[in-house]
Structure formats: C-alpha cells, structure tokens
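Take a look at this one; I'll ask things after.
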Amino acid sequence: MTEYTQLPDLLPVLPEIFLAVGALALLMIGVFGGQRISFLVNGMAMGLIAATALFVMPYGAQLGVTFHGAFVLDSFAYYLKLLVLVGSFFAIAMSWAYARSQNFDKFEYPVLILLATVGMMLMLSANDLIALYLGLELQSLALYVVAAINRDNVRSTEAGLKYFVLGALSSGMLLYGMSLVYGFTGNVGFPQIAEVLTRDGASLGLIFGLVFMLAGLAFKISAVPFHMWTPDVYEGAPTPVTAFFAAAPKIAAMGLLVRVVIDVFQPVTHEWQQIIVFVAIASMALGAFAAIGQTNIKRLMAYSSIGHMGYALVGLAAGTENGVDGVLFYMTAYLAMTLGAFACILSMRRKDGMVEEIADLSGLWRTNLPMAILLAFILWSLAGIPPFVGFWGKWYVFSAAVEAGLYPLAIIGVVASVIGAYYYLRVIKVMFFDEPAEKFEAMPVELKVVLGLSSLFVIFYIVLPQPITEATAVAAKSLF
C-alpha cells in the first residue's frame, strides 16, 4: 500500500470547501431571486464546477492524508474527481433546453447537483468508515430529492419515493456491515483495518460485515441483485436527472467500491473476489438479456448501465493494478458514451413535448442525419465494437481478468457483450431502415456541443490514447 504523509488540514479539502460554500451561496441567490433567475443559477453552478476542477488539477502530484487520516489525497481520487466534475458540469448544461421546454426551470436543481457532487468528491477521498458514510449520504440525500424534483409529475414522484425507500435499505445494510467490520477489527480507519486483516486474517463475523458492505455499495452502482430501482427511476425521473444519475454518481460509487476492496480488504482478496465475480456475471447477464424487450429508450439505457457496471467489475475482480487501471479507463469511456447518448435522448422533442419510445427514432437518418450517424457511433461503442473507445474499455478489463486467471469470467463477459450488442444494433436498425416518424425539433446548441465532444472522444480516442491511458495507470498505481 502507498505510504501517505500528513498534510495541512484544509489544503487537501479546498475543492470540496469551495464547492460547498459556492452551493450554499447559490442557494441564497435562488431563494432571494426566485425562479426568474434560475438560468443565472444554472450558469453560475457550471462556472463553480469549472473553477473547482481548476482547484483539483494543480495538486495532482501530492500524496497525503488529513483530518487524522479520514481524508486521503492521491492520484486515484484526483482522477475520479475530475471525471465526476465533468459529469456534473455537462448534466447541468444538458438541462437548459429541457428547462425551457418542460417548465423545469427550478434553481434548486443545480444547487442539489452541486451538493451531490461535494458528497461524491468526499466519497472518493474517504479513508475511514465514517468519512465513507458521510460522503455517501450527502450524495444520496441530494439525489433522492433530485429524482422527485418534478413534483407535479406522478412518475417523477414515484421514482423519487422508490429510490428513497430502497436507498434507505441499502444504507442500513452498509451501516450494519460497517459496524461488524469495526466490531471485529476495533478500527474505523482503512489502513488500520487492513493491518488487522493482514495480521489476523478474516473471521466469520468480519466476512459477514464485508458482505453487507459490498451489498450496500452494489446498490449505488445498480449492480445485480441490487438493481431493482434503476429502470423505474431512470424512466420516471426527468430526463436531465436521468442523465446525471447515469454518469457522475456511478463513477463515484465505483471509485468508492474500488478503494474499499483494494485499500481495506486486499489482505482477504479471496473472500471479496468471489462476491465481485458473482455480481459481475449477474449484472452482465441481466444487462444483456433484460434490455432486449425494452421499448422505452430510458429503460433500455438503465439496463445498459447495469450491464456496463458488470463489465467494469470484471476488472475489479482481478484484484490487480492492471485490473484497477482497466476499471478507471472503462468508467472514463462509459462517461463519454453515456453523456453522448443522453444528449440525443434529450433531443427527442417534438412540438407536443418530449418522447421516449425507441420507435420515435424511426427513420432518423432522413430527418436528422448528423444526429443519426453520431448516435450510431455511440451505440456501436456501447456495444464494444472496434475501433471505438467502448471496445478498448472492454479489452482492458477482460485482459486483466485473463492475466489474473479468471478465464470463465472473461469468456462470460465476451458472450454477454455479443448478446447485448443486439439491442444497440436494433436501435440503429430503427434509425436507418424503418419508415421515418415525425421530425424532432432542432437540437439545442448545448446538446450539440455535448454530443460533438462525446463523439470526438468515442470515435478518435484510438488516434491519441496516451493521455488517458497514462493518467489511469498513475491513478491505479497509487492504490498499490
């Protein structure tokens, strides 16, 4: 494990402090200004996230802990924090057109996104069980409200309630697991727990604690069998909220899961590896088969997300530096593909409002050829077809599994990927071979920008791969 030095208390946490204070200031601006300045709050929230990213970037070379070891600063946290900030920034940007057309101009939305982002950044730097839970709950409480933010819509209210009830259950499981781990090790700090496990091994009670902790974290990444909230929440929540759910929170939760199993439970790799392998196989299988019969594009993306979390877990199951490197790269590719896909979904708007059915994309190439082509490229990448970035993400995690001797897991992953390609190709078939449906409204500028940037990364990653692969390698190395 990497040795960290004690840093001045407030220096490492400056980005989180800056973002939290800024979110509270925007809340006051929104309260006193009312809904008429919601677009101003949106713009200021995006500026705040961009400024926070500048706070994060200069400290990439520092390693250390603060707050008596509860907050860790390493390359792993830096890299994933930047990904989270990118996801949050574009999630707010993509909501502008929706807000104009769907009476969604609520200043609370960007403020809640900012608070959730603070929680995610704290999760990624958590170095003890208490910091882990505080960051996780700060993120979760904001997300519960965001899911139900459209109070006049029954589906949105139902989605928020379902997410809250199941989220509370998962938090209880996580807390119970943490209490068992603390009880059987006598410590809450990650390094201290790992030291006890190295010396004494894993007792039966601690294994129970490990299982409950992994169950609680699996809920946050919507991995099987804790995925049941995902399709309903994705479909019921406002589409910009769904885009946010599919991007930044998944990255933060996956990063937290990686840190917990690698930093804390590395001495008992055999015990958690079995759980991760099972969850990965179940998630890949469900994602491959359950999405086949979907007719709603948001539910299809929900099952797609479940499957992709399974593929990422293949790299984690390897338990090696290359495996973590593969997970980090996969989550980077997943972020780009998801943002591009949801930019297109948010553009499925006609004069009478938003539409969500796959059939509404019929004949898109005749009515909007650029959107049809770019969405096809993104779907090919999601399916893992070369030379797009999604193929390389799967290549890295499957290669790590093979190097670790997990041949059956890698084979199941390849088979699931082939099966899952069907429903992506079906959407492409609808766009290019079916009779055209009614034309969509013109794509807003901000969605064009998001789709363009996403497509550039998805298509042309292979031209200049070094910056990303080097960054993920450095981030993965910091955990070992």
Side-chain angles (χ1 to χ4, degrees), residues 46-47 49-50 53-54 56-57 79-97 239-240 243-244 246-248 250-251 297 301 304-305 308 311-312 325-326 328-348 361 364-365 368-397 421 424-425 427-428 431-432 440 442-473 475:
M46 292 172 62
I49 292 175
L54 295 178
V56 171
M57 292 172 70
Y79 183 79
L80 287 178
K81 283 181 184 181
L82 285 175
L83 286 189
V84 163
L85 290 169
V86 168
S88 299
F89 179 90
F90 285 116
I92 296 175
M94 290 194 297
S95 69
W96 283 43
T239 307
F244 177 62
K250 292 289 180 69
I251 291 170
I297 189 73
M301 289 302 296
S304 168
S305 172
H308 283 289
Y311 296 124
D325 187 3
L328 292 173
F329 182 85
Y330 198 96
M331 297 311 294
T332 306
Y334 170 79
L335 175 65
M337 297 184 294
T338 299
L339 290 174
F342 274 97
C344 293
I345 293 171
L346 280 160
S347 301
M348 295 171 61
L361 291 167
L364 182 64
W365 76 276
N368 192 337
L369 182 59
M371 176 178 164
I373 292 174
L374 294 180
L375 180 55
F377 286 151
I378 290 169
L379 291 172
W380 274 328
S381 182
L382 285 166
I385 297 174
F388 303 108
V389 71
F391 166 77
W392 296 106
K394 291 181 179 177
W395 174 270
Y396 291 140
V397 293
Y424 296 118
L425 297 177
V427 178
I428 296 173
M431 291 193 297
F432 286 92
F440 295 138
M443 181 181 279
V445 174
E446 60 270 20
L447 295 182
K448 288 181 180 179
V449 171
V450 175
L451 179 58
L453 292 174
S454 169
S455 301
L456 281 174
F457 183 76
V458 165
I459 299 168
F460 296 109
Y461 158 77
I462 190 62
V463 177
L464 189 65
Q466 288 85 1
I468 299 296
T469 54
E470 289 174 2
T472 58

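Side-chain atoms are counted along with the backbone in the values below, which use heavy atoms only and exclude waters and symmetry mates. Bear in mind the structure is a predicted one, so any value in this text is a computation, not a measurement.
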| query | Of all heavy-atom pairs between Lys394 and Ala383, which one has the smallest distance, and what is that distance? | reply |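 The pair with the smallest heavy-atom distance is NZ-O, 3.3 Å.
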| message | Using only atom types and a distance under 3.5 Å, with no angle test, would you say the side chain of Ser305 pairs donor to acceptor with the backbone of Met301? | response |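 Judged by distance alone, no pair lies under 3.5 Å.
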| request: Assign the ring pair Tyr461 / Phe457 to parallel, tilted or perpendicular, where the plane angle (0 to 90°) is split at 30° and 60°. | output: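 Rings of Tyr461 and Phe457: tilted, 30 to 60°.
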| request: Determine, stepwise, if the pair Val450 / Phe89 fulfils side-chain contact (heavy atoms from CB on, under 4.5 Å). | output: CA-CA 11 Å; Val450 175; Phe89 179 90; over 6 Å; no
| task | Measure the acute angle between the ring planes of Phe377 and Phe388, then classify it against the limits of 30° and 60° as parallel, tilted or perpendicular. | result |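 Phe377 and Phe388: tilted rings.
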| Separation of Leu379 CG from Ile385 CD1 (nearest 0.5 Å) |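 Taking CD1 in Ile385 and CG in Leu379, the distance rounds to 9.5 Å.
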| field | Minimum heavy-atom distance Ala473-Asp325, with the two atoms named | value |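 Minimum heavy-atom contact is N-OD1, 3.6 Å.
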| field | Gap separating the CD1 atom of Ile428 from the CD1 atom of Ile373, nearest 0.5 angstrom | value |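 Going from the CD1 atom of Ile428 to the CD1 atom of Ile373 covers 12.0 Å.
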| message | Minimum heavy-atom separation for Leu447 and Ser347, please, with both atom names. | response |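 Heavy atoms of Leu447 and Ser347 come nearest at CD1-OG, 3.4 Å.
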| said: Could you report the tightest heavy-atom contact between Leu451 and Cys344, atom names first, then the distance? | reply: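 Here Leu451 and Cys344 meet closest at CD1-SG, 3.6 Å.
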| field | Heavy-atom pair of closest approach, residues Phe432 and Ala376 | value |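 Closest approach of Phe432 to Ala376: CE1-CB, 3.9 Å.
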| Is Thr332 close to Tyr79 at the side-chain level, that is, under 4.5 Å between some pair of heavy atoms? |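 Tyr79 vs Thr332: side chains touch.
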| Heavy-atom check, side chain of Met348 versus side chain of Thr239, under 4.5 Å |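 Counting from C-beta outward, Met348 and Thr239 never come under 4.5 Å.
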| field | Close side-chain approach of Val458 and Leu374, heavy atoms under 4.5 Å | value |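 Answer no - side chains too far apart.
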| query | What pair of heavy atoms forms the shortest contact from Ser381 to Met337, and how long is it? | reply |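 Heavy atoms only, the tightest pair is OG-SD, 2.9 Å.
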| query | Less than 4.5 Å apart, any side-chain heavy atom of Tyr396 and any of Tyr330? | reply |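 No, their side chains stay 4.5 Å or more apart.
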| said: What I'd like to find out is whether the side chain of Phe329 reaches to under 4.5 Å of the side chain of Val389, using heavy atoms alone. | reply: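 With C-beta onward as the side chain, the pair touches.
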| OG1 of Thr469 to CG of Leu328: how many Å apart, nearest 0.5 Å? |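 The distance works out to 12.0 Å.
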| query | Checking Ser88 side chain against Leu85 main chain: does a donor-acceptor pair fall under 3.5 Å? | reply |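 No, the answer is negative, given that no donor and acceptor are paired below the 3.5 Å cut-off.
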| For the residue pair His308 and Tyr334, does the interplanar ring angle fall in the parallel (under 30°), tilted (30 to 60°) or perpendicular (over 60°) class? |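 Aromatic pair His308/Tyr334 classed tilted.
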| field | From CG (Leu82) to CG (Leu335), nearest 0.5 Å | value |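 Reported to 0.5 Å precision, the distance equals 11.5 Å.
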| said: I need the full list of side chain to side chain donor-acceptor pair (under 3.5 Å) pairs touching residues 445-457, with sequence neighbours left out, sorted by first then second residue. | reply: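 Counting only pairs at least two positions apart or across chains, the side chain to side chain donor-acceptor pair (under 3.5 Å) contacts touching residues 445-457 are Arg100-Glu446.
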| query | Under 4.5 Å between any side-chain heavy atoms of Leu425 and Trp380, yes or no? | reply |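 A side-chain contact under 4.5 Å exists here.
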| Can you find a side-chain donor-acceptor pair between Ser304 and Tyr424 that sits under 3.5 Å? |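 Yes, a side-chain donor-acceptor pair sits under 3.5 Å.
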| Does the side chain of Met431 reach to within under 4.5 Å of the side chain of Trp365, using non-hydrogen atoms? |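 Of all side-chain heavy-atom pairs linking Trp365 with Met431, none is under 4.5 Å.
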